[in-house]
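Atoms within a ligand are numbered from 1 in the order they appear, just like the ligands themselves.
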Amino acid sequence: MHAMVLQTPGAALRFEPREDPVPGPGEVRIKVGACGVCRTDLHVVDGELPDIAYPIVPGHEVVGRVEALGPAVTSLRIGERVGVPWLGHTCGDCPYCRSGRENLCDRPRFTGYTRDGGFATHLVADARYCFPLGEADDDVAVAPLLCAGLIGWRSLVMAGDGEHLGIFGFGAAGHIIAQVARWQGRSVYAFTRAGDVVAQRLALSLGAAWAGGSEEKPPVPLDAAIIYAPVGSLVPLALQAVRKGGRVVCAGIHMSDIPSFPYRMLWEERRLLSVANLTRGDGTEFFKVAAQACIKTHTSVFPLQEANEVLSKLRTGQITGAAVLQP
Ligand SMILES: [Zn+2]
Ligand SMILES: [Zn+2]
């Protein structure tokens, strides 16, 4: 097998040959068909997250086929198409796991962060955390659903059921969740980098009621806003855009510092929340919704070996929709 490997924080990924991994008990080996590129991969490559398991293969939006079963795997079969998400393993025993909040597990493992991910021709995954995907849509179209879709969905649920929904940062997650929100009958207001007409046009083509720069005022007070961009200065802007009692959900794993702001912007029962990881239940729910809502992802496809160039493009906002690598 081959993989794009990160040796040290901030280094370029290197394309390396490796022995084909042997799945252990409960694990499967998967031949990768496509792997989405998420902003979290940038945080891994930049060393912005703690306890990265170097050398590490990033990538946690994996679609592939089961190629080998480890001992005691009965839930998946050879040749089955599966998705491997960010949540790679949980302990099953901590207070969070035992109360249905495995996304907050005290002893988790994460794909492409603390275990090798999908920027590779093959990977090994814990079978219990893989999602059977069926055969609808091709691997490239499905890959962004594995994180942008899933964590996007969790953040949408946390945003509540208000009608007027703001989305700050209209990339991979934004363009998927806008479609879900429209399907639910909500109005979507898309906030992009100032002057990013390409993202604004994509938002309007997906049914957004309004699209503009993140400093602009939406035409109506929002019931909730979700922030997908890792930019702390969006927090006070989003708080200013939501009505009394409204919610602002920060959906990223990492964000630049939030500037100080007057308490009156939070007052009147506005709520500021963050989303961490996903549960397997989120996945089961979301894949059902994605099929019902006929979500269509907008993707740009690149060869696996171009992962470094793709990460640079993502960093500078040159990707519209979602980027996907193919071995
Ligand atoms: Zn992700
Ligand atoms: Zn746990």
Q: Tell me whether the centres of the aromatic rings in H60 and F110 are closer together than 6.0 Å.
A: no
(Q) Ignoring hydrogens and geometry beyond distance, is a side-chain donor-acceptor pair present between H164 and Y189 at under 3.5 Å? (A) yes
(Q) Using a strict threshold of under 4.0 Å (side-chain N to carboxylate O), is an ion pair present between E67 and K31? (A) no
Q) Do R280 and Y129 meet the cation-pi criteria used here (NZ or CZ under 6.0 Å from the six-membered ring centre, within 45° of the axis)? A) yes
**Q.** Residue among T320, I167, L202 satisfying side-chain contact (heavy atoms from CB on, under 4.5 Å) with H175
**A.** L202
Q) Protein N/O/S atoms under 2.8 Å of the Zn ion (ligand 1)? A) C38 SG, H60 NE2, C147 SG
Q: May I ask you to decide whether R18 forms a salt bridge with D116, counting only side-chain N to carboxylate O separations under 4.0 Å?
A: yes
Q | Linked hydrophobic residues, V84 as query - side chain contacts closer than 4.5 Å | A | V28, I30, V32, V62, V66, L69, V73, L76, I78, V82, L123
**Q.** With sequence neighbours excluded, residues passing side-chain hydrogen bond (donor to acceptor under 3.5 Å, both in side chains) with E48
**A.** H43
Q) Do you know how many protein N, O or S atoms are within a distance smaller than 2.8 Å of the Zn ion (ligand 2)? A) 4
Q.
Measuring only between side-chain heavy atoms, which start at C-beta, is I227 closer than 4.5 Å to M255?
A. yes
